[in-house]
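Let me begin by presenting the structure, written as structure tokens, before commenting on it.
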Amino acid sequence: MGLFGKLFGGGSFDDHRADADRLFDEERFEEARLAYEKALDRGKGADADAVAHCEARMAACLDAMAEARIAEAEHFVEEGHLDLAEAELRNAMELAASDALAKRARRRMETLEKEDAKRQAEGPAEMDDEERWAILAGSWEPEQIEEYDAYGEPFREALLALHDEDVETARPALEAILEEAEAPIYLWLEVGRARSVAEDFDGAEEALRAFLDALDEDEGGEARLAAHASIAALRDRDEDEEGAIAEFEAAMEAFPDDPRPFLLMGRYLRGIGSAGEAAEVLEAAVPLLDEDRPDWRYLQELGLAHAEAGDDAKASQYLDRVLALFVSLRRHDRPLDYPPAAAVARAKILESEGRLEKAADLYRSLANGSDREHHLTYHREAGRLLLELDLIKEARRMLTRALALAEDDPEAKAAIEGQLEELE
């Protein structure tokens, strides 16, 4: 196809079909679907079998896209985000070309809705010790489970007590088991946690380092990462920034293909005021993110680091990706619920650029979101920007709502009342 055709949507049925088939073979189903649609738009007079081929392939694209949505929904279920899972299943129902796939998505959504309704009606159910132990064991390494099983019932009772924050029971029991253990590895981790809860911070670090030293290079998994993070927190508690950074670096070396240690390091650096360095560390691990489903928390941290480092363009790039993800997952019957840190940072950049209406829109969304603790602030910020825009009716509405939330804040209440009086 020539340049003119590409620019103005030209191209023959055969051109678009060939392009669509290539995309389909590469499993780029969304792009392939659009290409098949273009081919069918130009299918007048084309061979009937070729047209049928495009129609069948387009249906297969829609089903593949629906399958991806269902898989995404299951991921959200595993993380406990049922609202996001339902949104993905609704999208799957709308996309699916086959009735069977649409029904499958609908049945899964009905199951989720029933589970959610029961959970809300019943409230949090108390779990017995077997259920609690099963939940704890779900995150353990196979060799960790084997070691813990060898310690028997006393260890089990001590660990459950530790997770109930009953350190007076847990710590002596774990220390006693440690004295008798022949070659403890993961036991050191639990002893370290118990000592930390008991505020024996030097003893906690000693135990955590003993755990790391006992591991082989390819052992530890999640527990190894948790130990490095805990030691870094202990070093930070002692105002040892170099020691904390060294621990994060050790985690990055232990998990070179995992973005999580980079995220931990980035958060720490931003927290101590080194936003530029935080952005560099976080950028280094961007290639490690899942291309199809990057962790929004990582993108948010990148955006915040760039914003604090003064690079608004880079910050906006990442923050907009976070906000766009939440827009795409929005349920039609519920307001947008942006992550507050990302939305506030983006609103501040928009205001600095003079785009006050968009900044006000973000604050209005936050004022309807789940961060209820800061609803007063969000209403006031939206009202302030709307006043600057001379949108008096909308500003009065936001400030009136803010006034209702300011009953326990005399200073804020007086300021809002003054603003409203000026609007009379």
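What you see below is based on every heavy atom in this structure, not just the backbone, and it leaves out hydrogens, waters and symmetry mates.
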For this session: May I ask you to establish whether Arg57 and Phe24 are in a cation-pi arrangement, using a distance under 6.0 Å from NZ or CZ to the six-membered ring centre and at most 45° from the ring axis?
Result: yes
Write down the atom of [X], the atom of [Y], and the distance for their closest heavy-atom approach.
X	Y	result
Leu288	Pro256	CD1-O, 3.5 Å
Gly192	Ala204	O-CB, 3.4 Å
Phe255	Phe262	O-CE1, 4.5 Å
Gly221	Glu141	CA-OE2, 3.7 Å
Leu23	Ala35	CD1-CB, 4.2 Å
Arg380	Ala402	CG-CB, 4.0 Å

Is any side-chain heavy atom of [Y] closer than 4.5 Å to one of [X]?
X	Y	result
Leu162	Leu160	no
His375	Arg401	no
Trp188	Leu212	no
His75	Glu88	no
Asp337	Phe326	no
Val281	Ile245	no
Leu423	Leu387	yes
Leu208	Val191	no

Problem set entry | Positive for side-chain contact (heavy atoms from CB on, under 4.5 Å) with Val167, one of Val197, Leu174, Asp200 | Val197
In terms of side-chain geometry, is the basic nitrogen of [X] or [Y] positioned less than 4.0 Å from the acidic oxygen of its partner?
X	Y	result
Arg260	Glu222	yes
Arg132	Asp164	yes
Glu242	Arg235	no
Glu301	Arg297	no
Asp361	Arg364	yes
Glu217	Arg224	no
Asp19	Arg22	yes
Arg384	Glu351	yes

For this session: Tell me, with the steps shown, if Tyr318 and Val286 meet side-chain contact (heavy atoms from CB on, under 4.5 Å).
Result: CA-CA 11 Å; Tyr318 289 113; Val286 167; 4.1 Å; yes
Problem set entry | Close aromatic pair by centroid cut-off 6.0 Å: Trp140 and Tyr186 | no
More than 12 heavy atoms of other residues, nucleotides or ligands under 6.0 Å from [atom1] of [X]: yes or no?
X	atom1	value
Gln317	CD	yes
Asp408	CG	no
Asp99	CG	no
Glu153	CD	yes
Arg28	CZ	yes
Glu411	CD	no
Glu74	CD	yes

What is the distance from atom [atom1] of [X] to atom [atom2] of [Y], rounded to the nearest 0.5 Å?
X	Y	atom1	atom2	value
Glu143	Tyr148	CD	OH	10.5 Å
Glu247	Ile231	CD	CD1	4.5 Å
Leu366	Arg372	CG	CZ	13.0 Å
Phe211	Leu189	CZ	CG	5.0 Å
Leu399	Leu420	CG	CG	5.0 Å

For this session: Would you please test Arg104 and Glu67 for side-chain contact (heavy atoms from CB on, under 4.5 Å) and show each step?
Result: CA-CA 10 Å; Arg104 188 174 120 210; Glu67 287 279 10; 3.0 Å; yes
Problem set entry | Arg33/Glu37 under salt bridge (Lys or Arg N to Asp or Glu O under 4.0 Å): CA gap, chis, key distance, verdict | CA-CA 6 Å; Arg33 169 203 175 186; Glu37 284 181 347; 3.5 Å; yes
Problem set entry | Verdict with supporting geometry, Ser316 and Arg346, side-chain contact (heavy atoms from CB on, under 4.5 Å) | CA-CA 6 Å; Ser316 298; Arg346 188 65 178 108; 3.1 Å; yes
For this session: Evaluate the criterion salt bridge (Lys or Arg N to Asp or Glu O under 4.0 Å) for residue pair Glu72 and Arg69; output intermediate values, then yes/no.
Result: CA-CA 5 Å; Glu72 182 77 355; Arg69 293 292 191 180; over 6 Å; no
Problem set entry | Step-by-step side-chain contact (heavy atoms from CB on, under 4.5 Å) determination, Met398 to Tyr378 | CA-CA 9 Å; Met398 295 307 294; Tyr378 300 144; over 6 Å; no
